[in-house]
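Whatever order the structure lists ligands and atoms in, that order sets their numbers, starting from 1. Small disclaimer: the values here were computed from a predicted structure and weren't measured.
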Amino acid sequence: MDILVIGAGGREHAICWSLAKSPKAGTIYCAPGNAGIGELAELVPIQVNEFDKLAAFAEEKRIGLVVVGPDDPLADGIVDVFEAKKIPVFGPRKNAAHIEGSKTFMKDLLKKYNIPTAAYEKFDNYEQALAYLQSRPVPIVIKADGLAAGKGVTVAFTRDEAETALKNIMIDKVFGESGSQVVIEEFLEGQEMSILAFVNGETVRPMAAAQDHKQVYDGDKGPNTGGMGTYSPLPHIADSIIEEAIETIIKPTAKAMVAEGRPFHGVLFAGLMIAPDGKPKTIEFNARFGDPETQVVLPRLKSDLLDIFLAAVNGTLDQAEIEWSDEAAVCVVLASGGYPASYPKGLPIRGLDEAKAAGALVFHAGTARGKCGELVTNGGRVLGVVGLGKTIAEARDKAYEAAGSIAFEGKHQRTDIAAKALV
Ligand code: AMP
Ligand code: GLY
């Protein structure tokens, strides 16, 4: 069966890599993909927001399954376009992707169904929002309602920071219409955890849990990014806590979406905070695979990813074989100097063969081929280097050793990925 994967990041590289292991997989196409994906898939020069062109391509090539990676096309209804043309597609429809596309929708849904999340108020009026903000203690969290490329959330530790964030969102409209509503929410203390699940209506099949590192610098300092590194499993978090999060948050949310007439099909990704007392609460829901969570989760999948996707599309997800290996995986992201602010592109990358020889998986994110076919940087997050091992410590050593052999001008990486799991 020929497959079309939509997206261009490390997540899509990991999805293509995992699909390529399936004996049922024919040609894998990726639109638009990147240099690394081009080594195992045929790249298609169509952008992720060109729905009609993507659907025409899928029809012409008689694609048996489309898999959508990124949030923006999902929120804009790409799945509905494929479904209307009877092209099998794995991902949520527009009305279900709304759980990521609107934070006010997500918060109201969780409140209505008594699903644990931070206390909040929502506003579409700046003066009222400011008055509420001034009545609350800091730290406090300010969130633009809509998608904002991962930058719409400010965890404010001072009043100044909080008021500036509110003004940026509602008055200066730095995130455009995404900021016409705002959520002001209680600050939650604790450890973050990501749980992704394959979901088909009320059927929930969780994946291995992972932890991301959002801030750009060591010690969780500096601005938030898309994610600077991940690891899985989480040896310092009890299985009972993960189980509680699945039972009290993810399953009830899938059920609530069905009850609301917005059944979710695809990957539902819960960003959770585990309070010091061990209780998980929801920070956010995403309607897709995480990036770079996917880069550590899929290498631990022992089952056939294509079979799982097909089971989800055919309504037999409850019977799909989904087994995880005991192996540990650690992903270290190599970013361009300056990321998440502005950064240069087109810089030559060296040392990939050495990294692979050291036994690491290297997933490409922002990479491209230069004029002479050489590998060059082409984005903020450039590569994700994944080490596998019997323990997190072993996987981590492998990832860092391999990451050390890769060079490009201005390369930045955190040195403390998975450190929390070692203490
Ligand atoms: P989000 O885009 O909603 O995932 O938020 C980005 C990051 O902000 C999260 O990964 C958390 O680190 C942090 N964050 C969001 N909401 C809260 C909260 N209520 N309390 C503490 N930190 C939060
Ligand atoms: N790594 C976080 C995300 O994919 O949203």
Side-chain angles (χ1 to χ4, degrees), residues 7 9-12 14-15 69-72 74-75 97 99-107 110 116-122 136-157 161-162 165 169 175 178-179 182-196 207 209-216 219-232 267-276 279-298 331 333 335 340 363 365 380-381 384 414 417 420:
R11 163 183 51 209
E12 287 77 19
I15 292 170
D71 51 358
D72 280 322
L74 289 169
I99 196 166
E100 173 169 10
S102 168
K103 292 198 192 289
T104 54
F105 168 77
M106 183 272 281
K107 297 292 292 189
L110 269 51
T117 190
Y120 72 103
E121 291 291 337
K122 60 176 180 181
R136 305 298 304 165
V138 283
I140 192 154
V141 184
I142 326 285
K143 302 185 172 184
D145 178 53
L147 295 178
K151 292 176 189 158
V153 173
T154 300
V155 179
F157 288 90
E161 262 180 281
I169 295 171
F175 307 116
S178 285
V182 74
V183 170
I184 300 181
E185 128 178 338
E186 164 199 21
F187 171 77
L188 298 176
E189 217 157 328
Q191 284 234 44
E192 283 188 63
M193 160 169 86
S194 304
I195 301 183
L196 286 69
M207 300 186 214
Q211 207 161 44
D212 192 8
H213 298 67
K214 289 253 162 109
Q215 292 86 356
V216 71
D220 296 337
K221 300 276 189 322
N224 266 343
T225 68
M228 292 298 295
T230 38
Y231 61 102
S232 175
V267 171
L268 188 57
F269 162 171
L272 305 161
M273 189 71 87
I274 306 161
K279 290 276 170 216
K281 281 191 182 173
T282 315
I283 293 181
E284 62 165 348
F285 268 108
N286 297 317
R288 53 174 173 80
F289 278 102
D291 189 342
E293 283 85 348
T294 306
Q295 290 89 312
V296 290
V297 169
L298 289 185
C331 173
V333 168
F363 292 120
R381 292 186 292 173
R414 278 183 62 158
I417 302 302
K420 280 195 204 105

Checklist entry - Between Asn286 and ligand 2, which part of the residue brings a heavy atom under 4.0 Å of the ligand: side chain, backbone, both or neither? => result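 The answer is the side chain.
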Item to check | Phe289 heavy atom under 4.0 Å from ligand 2 | outcome: no
Within the distance-only criterion (no hydrogens, no angle test), does the side chain of [X] pair as donor or acceptor with the backbone N or O of [Y] below 3.5 angstrom?
X	Y	answer
Ser178	Leu147	yes
Lys143	Thr104	no
Glu100	Ala97	no
His213	Gly229	yes
Arg11	Phe289	yes

Next on the checklist: Measuring from non-hydrogen atoms of Lys103 to any atom of ligand 1, is the shortest distance under 4.0 Å?
Outcome noted: yes
With heavy-atom distances below 4.5 Å as the criterion, would you say the side chains of [X] and [Y] are in contact?
X	Y	result
Arg381	Asp291	yes
Val138	Phe157	no
Val153	Glu284	no
Phe363	Thr294	no
Asp220	Glu192	no

Within a distance under 4.0 Å of any heavy atom of [X], pick out the atoms of ligand 2 and give their elements.
X	result
Asp212	1 (N), 2 (C)
Gly290	4 (O)
Gly226	1 (N), 2 (C)
Pro292	1 (N)
Glu293	1 (N), 2 (C), 4 (O)

Which of the ligand 1 atoms, numbered from 1, are nearer than 4.0 Å to a heavy atom of [X]:
X	value
Phe187	20 (N), 21 (C)
Glu192	9 (C), 10 (O), 11 (C), 12 (O)
Asn224	6 (C), 7 (C), 8 (O)
Glu185	16 (N), 17 (C), 18 (C), 19 (N)

Below 3.5 Å, N or O to N or O, backbone or side chain included: is there any such pair between [X] and ligand 2?
X	value
Glu284	no
Gly227	no
Arg11	no

Checklist entry - Is the shortest N/O to N/O distance between Glu284 and ligand 1 below 3.5 Å? => result yes
Next on the checklist: For ligand 1 and Met273, I'd like to know whether there is a polar contact (N/O to N/O, distance under 3.5 Å).
Outcome noted: no
Item to check | Exercise: do Asp212 and Thr230 side chains pair donor with acceptor under 3.5 Å | outcome: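 Distance-only check fails for Asp212 and Thr230.
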Next on the checklist: Checking a contact table here: which protein heavy atom is nearest atom 5 (O) of ligand 2, and how many Å away?
Outcome noted: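 It is Arg288 NH2, 2.8 Å.
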